[in-house]
Amino acid sequence: MQDLATRRVDGEFAELICADDQWLRETFDALIAASYGPPPAGPWPPAPPRTPPTGPSHRRLHLRRDGRMPEGVLVAKPSGIRLGRSPPNPS
């Protein structure tokens, strides 16, 4: 258990550390660089453009609050994929 003097010293130390934003950022960056090394070499290929799907088959589906599908919603199975049986409903 900390006594009052120890808490006061800890608080003053934290204020001292956080008083200089630039020093804090440089120190943090140096610690991360020393711990993990430089980032992997690039350049990375550009990501493909994101285009939202269109049409009636790509309507946004809203799940229930518990994460389950709403009743009566049918989802098409992609062709060529076999789906196994689901476990029984616990209710």
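These values consider heavy atoms only, across backbone and side chains, with no hydrogens, waters or symmetry-generated copies. Counting begins at 1 with the first residue of the sequence. As the structure is a computational prediction, the values presented were derived from the model and not from experiment.
- The same ILVMFWY cluster, assembled from side-chain heavy atoms under 4.5 Å apart, contains both Phe13 and Trp23.
- Applying the side-chain hydrogen bond (donor to acceptor under 3.5 Å, both in side chains) test to every pair with at least one member in residues 12-21, sequence neighbours left out, gives these pairs: Arg8-Glu12.
- Atom-to-atom distance recorded for Glu26:CD and Leu31:CG is 12.0 Å, nearest 0.5 angstrom.
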